[in-house]
Every structure is written in C-alpha cells, then in structure tokens.
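Within every chain, numbering begins at 1; the chains are lettered A, B, ... in the order of the sequence lines, protein sequences first and strands thereafter. Values below: every heavy atom of this structure, side chains too, minus hydrogens, waters and symmetry copies.
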2 protein chains.
Amino acid sequence: MPAAPKLSKRDATRENILTSALKLFRVKGFEPTTMRDIAKSAGLSLGASYYYFKTKEAIVMAYYDRVQAEHTALAIPAMRKAKDFRARLGVAMHTKLDIIKDDRRLLVAMFRYGGDPDHPLSWFGPATKKQRELAMEIFEAAIGDEKLPKDVRMLAPRLLWTAHMGMILYFLNDRSAGQKKTRALVDGGLDLLVQAFSMSSAPLLQPMVKPIRSKIVKLLEEAELVESSKS
Amino acid sequence: MPAAPKLSKRDATRENILTSALKLFRVKGFEPTTMRDIAKSAGLSLGASYYYFKTKEAIVMAYYDRVQAEHTALAIPAMRKAKDFRARLGVAMHTKLDIIKDDRRLLVAMFRYGGDPDHPLSWFGPATKKQRELAMEIFEAAIGDEKLPKDVRMLAPRLLWTAHMGMILYFLNDRSAGQKKTRALVDGGLDLLVQAFSMSSAPLLQPMVKPIRSKIVKLLEEAELVESSKS
DNA sequence: GTCTATAAAGGGATAGAC
DNA sequence: GTCTATCCCTTTATAGAC
C-alpha cells in the first residue's frame with residue numbers, strides 16, 4: 001500500500017460521510033437509512049452532509065465510482081495472467097462480484113432510475129457515462145486480441161457490459177448462501193458465450209452465420225444501441 | 001361500446017382517482033405529481049385518496065393491471081386472425097406498445113423497484129406475480145401450436161416476457177417521434193428471434209443445436225430462472 | 001362503508017445565517 | 001464549510017359526518 005495520500009480536508013470529510021453511509025446502508029439497507037442517520041453517524045449536521053452529497057443517491061454513485069476504479073485495478077492485471085479468452089472473461093466478471101459481494105442492499109439504489117431518461121442518474125445519461133466507459137474498457141481488455149470477426153469484435157464489449165448488468169440484477173435478487181447461484185450462472189453463461197463467439201467465427205459456419213451477424217449489426221445501429229460504423 | 005356497467009360507488013371513486021392521477025402523471029411525470037395534486041384534481045380529500053390507494057405507486061400498479069387486462073383483450077383475438085407465428089408475435093408486442101404509447105412518464109415508476117428484492121413492487125415479488133402470469137399467457141398464446149422442440153417450447157414464454165421487458169425499457173428511453181425506433185427494433189428483433197426458433201428445430205442442425213439447447217436449459221434451471229422439468 | 005378535516009411523524013432537500 | 005431552521009412531501013392516524 002502506498003503512503004496514504006494526504007487528503008485535503010474536503011476529501012477527508014467526503015470520505016468520512018461516504019464511509020459512514022456505506023456502513024449504514026450495508027446494515028439497514030438503502031431506503032431505511034436516512035440522511036439524518038448518515039449525518040449523525042459522520043458527526044456532521046444534515047446541511048453539511050448535503051453540502052457534500054446533493055442527494056442520497058449521489059452517495060451510492062460515489063461508492064460505485066470507487067467500485068469501478070477497484071474493478072479496473074483488480075481485473076486488468078489478473079487478466080494478463082489468465083491463460084485464454086474464457087479465463088479472462090471469468091476474471092472480469094468474478095472480480096466484479098468479489099468487489100460488490102457485501103453490497104446487495106445498497107446497489108439496489110443504482111437500479112432505481114435506470115428506466116427514467118429524465119433522471120440525472122439514468123443508466124443512459126451523462127452522469128453515468130464515465131462508469132459505463134470504464135466498465136467497457138475492462139471488457140475490451142478481456143477480449144484482447146482474441147480472433148473475432150470485425151463486427152463481432154465491435155459489438156462484444158457492449159454485449160458483455162449488458163450481460164454484466166444482467167448479472168448484477170440477478171445478484172441483487174440472489175438469496176443463496178454467498179450468492180453462489182450467481183457464480184454458477186456466470187460460469188455457465190460464459191461457457192455458452194464463448195461457444196457462441198467461436199461459432200460466430202468458425203469458417204465452416206460462415207455461410208449461415210454471416211448474414212445473421214450483419215442483420216444484428218444493422219438492427220443495433222438503427223436502434224442506436226451501438227454507434228454506426230460508417231460515420 | 002357495451003352499456004357502461006354500473007359501477008358501485010366504491011369503484012366509481014377509485015376510477016375517478018385513477019383517471020385524475022393518470023392525467024397528472026402524463027403531463028407532469030410521476031415524481032412531481034403529489035398525492036395532494038391528485039386528491040384535489042379528483043375533488044377529494046387527501047385522506048380519501050389514501051383510503052383507496054395506500055401509496056402513490058399503488059396507483060401505477062392499478063394502471064398496470066388495467067394495461068395487462070387491455071393487452072389480453074386486444075392481443076388474444078387479434079392473434080387468432082394473424083396468419084403465422086411471426087405475425088402473432090408482432091401483434092403481441094405491438095398491441096402492448098399501442099396501449100402504453102402515451103405513458104412513458106408514468107411507467108418509469110414501475111421500473112423503480114425492479115431490482116430490489118425487499119420492495120413489495122419488485123419485478124420478481126408476489127405483488128407483481130399476477131401481472132407476470134397474465135403477460136406470459138399472452139406469449140403462450142402467441143406461440144400457439146408452433147412446432148418447436150419441447151425444451152424450447154417450455155422456455156419460450158419466459159424468453160418472450162424478458163424480451164418484452166427489454167422492449168419497455170428501450171421504449172422508456174426512446175425519444176424518437178412516436179417512439180418509432182422502438183417499433184423498428186421490435187420488428188427487427190422478432191425477425192431474428194423467429195429465425196433463431198426455426199434454427200433451433202431445423203433437423204439438419206440438430207447435431208449442433210441439441211447439446212447447446214440442453215446446456216441452456218440446465219443452466220436456467222439451476223439458476224431457478226425456469227422451473228425444473230423434473231419435479 | 002365512504003368520506004372530510006386535521007394533525008402529526010418523519011424524511012429529502014434547501015436557504016440563509018455564522 | 002458548517003450549522004440551524006424551514007419547506008414540502010408521503011404516509012399514518014384519528015375523530016367524526018353521512
């Protein structure tokens with residue numbers, strides 16, 4: 001661990017609030033924890049807490065920024081040591097679960113405004129853009145130089161990001177011990193996915209696969225779910 | 001239109017509140033509309049409104065019950081007239097969009113607690129079970145007697161329900177005029193889906209397809225995303 | 001059973017003083 | 001930057017009118 005960087009007073013207070021809030025969220029859940037609880041636990045007034053975090057959800061956002069940074073720091077080096085594509089994908093997904101494993105109660109808040117395009121915390125809005133990009137970089141790295149058709153290569157990071165969102169949704173609802181059902185689903189899902197990738201580039205299957213691939217690409221481009229390749 | 005069924009006073013008042021609330025939600029959105037607004041607009045006291053709807057979300061739930069009933073009433077007869085599987089699927093999806101087309105602002109409230117297993121309005125909870133089942137019955141009917149492998153046949157309604165949830169999520173975020181991007185995505189998506197179904201049962205492809213199918217079934221059963229077939 | 005009126009608990013968010 | 005006071009809201013509750 002590097003010498004703890006001297007935190008400005010501002011950052012120290014922020015950190016203090018964040019830590020207190022996460023502790024409470026983990027124990028009581030997101031909704032039952034009030035900003036008054038958080039302020040008290042951090043030894044601050046309610047107003048001061050709002051000075052640092054404009055909304056309760058903003059605290060969860062700050063937590064999630066940290067998750068993303070941690071995920072990058074953990075997954076990228078570990079993937080370098082992984083022996084193949086399948087292994088890299090496993091690392092990408094499982095390290096994410098390792099990081100959030102105790103935080104099901106608080107992650108629900110992240111899913112709250114996904115469907116609401118008018119909300120600043122929408123999944124597709126600018127407030128969450130950096131998080132999306134960071135996450136997608138990890139999947140980018142997981143693919144690495146795996147040999148894939150160009151269009152599949154282009155789609156893959158977003159596909160993996162979407163699968164990873166689904167994984168988190170399943171994880172939130174997974175009451176099995178240690179969320180082992182999620183772990184199993186990830187492993188089985190990735191096996192299938194890798195098989196699909198390899199089929200997508202198998203030379204013998206190209207006559208059947210290629211027109212399907214281009215239909216998919218066209219559909220997603222028109223839906224603006226991926227950026228158009230010709231622009 | 002059949003002679004308006006005589007509503008009990010209770011039902012008339014409920015209806016009145018619901019109508020007033022929906023009007024406000026459509027104009028102002030879900031969150032900015034207060035129960036006070038709704039009560040005033042319905043010409044009732046705040047207490048009376050709460051007498052009929054315990055929470056603000058309960059109003060949206062009542063709306064969604066109505067959507068489901070309407071969807072059944074609209075889609076089932078229309079599907080009988082449709083000429084084939086693809087057409088029935090198109091009817092199932094597009095009639096849903098027809099019904100909710102002006103209600104993007106209020107449907108966001110339905111997505112709010114989807115990821116939260118502790119919330120009564122969770123997507124997977126008992127409060128929303130009847131809605132899920134009603135929706136799945138429609139997809140059941142859309143499949144009809146289409147010739148499909150037994151395992152695919154079993155999975156298909158849930159697959160379609162999931163796709164339909166994705167459609168709604170896209171729809172909520174679709175700012176194109178008349179949400180025509182959603183319509184196009186549905187059409188293209190269904191074309192691909194039907195192609196996938198037909199490949200799943202094509203005799204020539206069975207050697208390749210069958211092991212994949214059983215892997216998928218096993219995975220979903222273990223994840224309890226479908227009920228086990230052997231029980 | 002249906003409703004009004006009213007109060008009050010409790011929480012998110014903000015204004016403005018220090 | 002930090003605090004107190006305050007606003008407005010959801011929700012619960014109560015007492016009583018019809």
Please give me the minimum heavy-atom distance between A223(A) and K181(B), naming the atom from each residue. O-CE, 3.9 Å
Are W123(A) and F111(A) near enough that their ring centres are under 6.0 Å apart?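 Yes, the ring centres sit under 6.0 Å apart.
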Check whether any side-chain heavy atom of E133(B) lies under 4.5 Å from a side-chain heavy atom of E140(B), and answer yes or no. no
Pairwise side-chain contact, R14(A) with L18(A), heavy-atom cut-off 4.5 Å (strictly under):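 With C-beta onward as the side chain, the pair stays apart.
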d([atom1], [X]; [atom2], [N]) in whole Å:
X       : N       : atom1 : atom2 : answer
I38(A)  : dG11(C) : CD1   : P     : 12 Å
K54(A)  : dG1(D)  : NZ    : P     : 12 Å
E31(A)  : dG12(C) : CD    : P     : 9 Å
I59(A)  : dG12(C) : CD1   : C1'   : 12 Å
K40(B)  : dT4(C)  : NZ    : P     : 14 Å
Y113(A) : dG12(C) : OH    : P     : 11 Å

Could you please name the option among dT12(D), dT14(C), dG11(C) that lies closest to any side-chain atom of Y50(B)? dT12(D)
Picking from dT11(D), dA13(C), dC9(D), which would you name as closest to the side chain of T55(A)?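 That would be dA13(C).
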Please work out whether the ring planes of F139(B) and H71(B) are parallel, tilted or perpendicular, with thresholds of 30° and 60°.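 Plane angle over 60°, so perpendicular.
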Evaluate the ring planes of F30(B) and F25(B), with Trp represented by its six-membered ring, and classify them as parallel (under 30°), tilted (30 to 60°) or perpendicular (over 60°).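 If you compare the ring of F30(B) with that of F25(B), the planes turn out tilted.
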Just to be sure I understand the rule, does R10(B) reach a base, reach only the sugar-phosphate, or reach nothing, if contact means heavy atoms closer than 4.0 Å? sugar-phosphate
Report each atom pair, protein N/O against N/O of nucleotides 2-5 of chain D, whose distance is under 3.5 angstrom.
residue: dT2(D); atom: OP2; partner: Y52(A); partner atom: OH; Å: 2.5
residue: dC3(D); atom: OP2; partner: S45(A); partner atom: N; Å: 2.8
residue: dC3(D); atom: OP2; partner: S45(A); partner atom: OG; Å: 2.8
residue: dC3(D); atom: O5'; partner: S45(A); partner atom: OG; Å: 3.4

